[in-house]
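This is a predicted model, so every value here is computed, not measured. A, B, ... follow the sequence lines: proteins, then strands. Residue 1 opens every chain.
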Number of protein chains: 2
Amino acid sequence: MNIEQSMALFREKCNQHGLKITPQRTAIFEEMVRAKDHPSTDDLYQRIVRIFPNISFDTVYRTLLSFSQMGIVNVVEGYGEKKRFDPNIETHHHFRCMKCYEIIDFSSESLDCIEIPQELQNRFKIVNKRVVLEGLCDKCSK
Amino acid sequence: MNIEQSMALFREKCNQHGLKITPQRTAIFEEMVRAKDHPSTDDLYQRIVRIFPNISFDTVYRTLLSFSQMGIVNVVEGYGEKKRFDPNIETHHHFRCMKCYEIIDFSSESLDCIEIPQELQNRFKIVNKRVVLEGLCDKCSK
DNA sequence: TTACTATATAGTAATGATTCTTATTTAGCA
DNA sequence: TGCTAAATAAGAATCATTACTATATAGTAA
């Protein structure tokens, strides 16, 4: 999905959920789409504040939460550090470095289609499935 | 693994890592082993403080972190809420409820042996692999 | 276009979790 | 039994998140 398409999806989803399309929201979403690093709220705030010097941290924070509720960004699983967000909403998987805490996306067709036991599908309403690997990333294992 | 065995492992690992076996550490580990609910630091503190009325939150917190560094408990993946710990260090998987945030363990032999692409094994030093499902738990989907 | 209204925002304060500091205590060795 | 490095308790500091409120604005309807 390119930026144009992402922005169109953004506007559509905002309308669907009755959210107004404000310059702040637009900028936050656009910056999020460009992000390749699972930024935290503060990371995003640092980037947005260059464009909107008066924007408040709270606005960025609330906006990212709305986005995640609307399903146009994801909250990445972590280990009790600050929240981190992911603009990639297609099925993918994560490697997490136990040393530098970097979260690295990867995709794998074979992992995409792992079979969830029927018993679990009956018990839970499953929205998302993902493989999470932990260990040392290429930089840290040197 | 029963409690006796867990406590033996605990003492062995402490010796291995040069940690002293204090009554506080012993109590924290024992309480952790009994826990079936991925407790947070504060949950554990509330339980321990009944036995050691003077124990400090910080001691519980530091102790749990040491345990996770020693590999005798795990930190559970979450979404930016407080840290939660898991005494189950054998391979298992997690279902996480998007509504009540409960984390439910499950095991599945077929999921235990999913194949990680060779490319990733070359790139990273993989210590742990796990399937994480998100959705609504049985209670919340009613 | 303009006026209206519900929603969004900025600024700031409050809360909650984690981590640090320091004086005191203690486990484990000699 | 005494010694010493490590551990603890208590409280303070830091950092992330969330709440509050007055003002501003997007989007609708005249």
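Under a 3.5 Å cut-off, the side chain of B/K82 and the backbone N or O of B/D42 do not form any donor-acceptor pair. Under a 3.5 Å cut-off, the side chain of B/Q5 and the backbone N or O of B/N2 do form a donor-acceptor pair. No donor-acceptor pair closer than 3.5 Å links the side chain of B/E31 to the backbone N or O of B/L44. Checked by atom type and distance alone, the side chain of B/R84 never pairs as donor or acceptor with a backbone atom of B/V76 at under 3.5 Å.
Figure legend. C/dT9 is base-paired to D/dA22; pairs are counted as Watson-Crick or G-U wobble with both atom distances under 3.5 Å.
Distance A/L44 CG to D/dT17 C1': 16 Å, rounded to the nearest Å. Rounded to a whole Å, the CG atom of A/L64 is 15 Å from the P atom of D/dA16. Between the CG atom of B/D43 and the P atom of C/dG16 there is a distance of 15 Å, rounded to whole Å. Regarding A/L65, its CG atom lies at a distance of 15 Å from the C1' atom of C/dA8, rounded to whole Å. Taking atom OH on A/Y45 and atom C1' on D/dA16, their separation rounds to 14 Å, with Å as the unit. A/N15 places its CG atom 8 Å from the P atom of D/dT28, with the value rounded to the nearest Å.
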Treat primed atoms plus P, OP1 and OP2 as sugar-phosphate and everything else as base, then score nucleotides 1-10 of chain D 5' to 3': B for base contact with protein heavy atoms under 4.0 Å, S for sugar-phosphate contact only, - for none.
----BSSBBB

Show each protein N/O and nucleotides 21-23 of chain D N/O combination with a separation under 3.5 Å, one pair to a line.
none

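Taking the ring pair (Phe, Tyr, Trp, His ring centres under 6.0 Å) definition, one finds that A/Y45 meets it with A/F57, sequence neighbours left out.
The line from CD of A/Q118 to CG of A/L120 is 9.5 Å long, rounded to the nearest 0.5 Å.
For the pair B/I21 and A/F57, both in contact range of DNA chain C, the more 5′-proximal nearest nucleotide belongs to A/F57.
A donor and an acceptor atom, one from each side chain of A/H93 and A/D105, are nowhere located under 3.5 Å apart.
For the salt bridge (Lys or Arg N to Asp or Glu O under 4.0 Å) criterion with B/E77, the lone passing option out of B/R130, B/R96, B/K83 is B/R130.
You'll find the ring centres of A/F67 and A/F29 inside the 6.0 Å limit.
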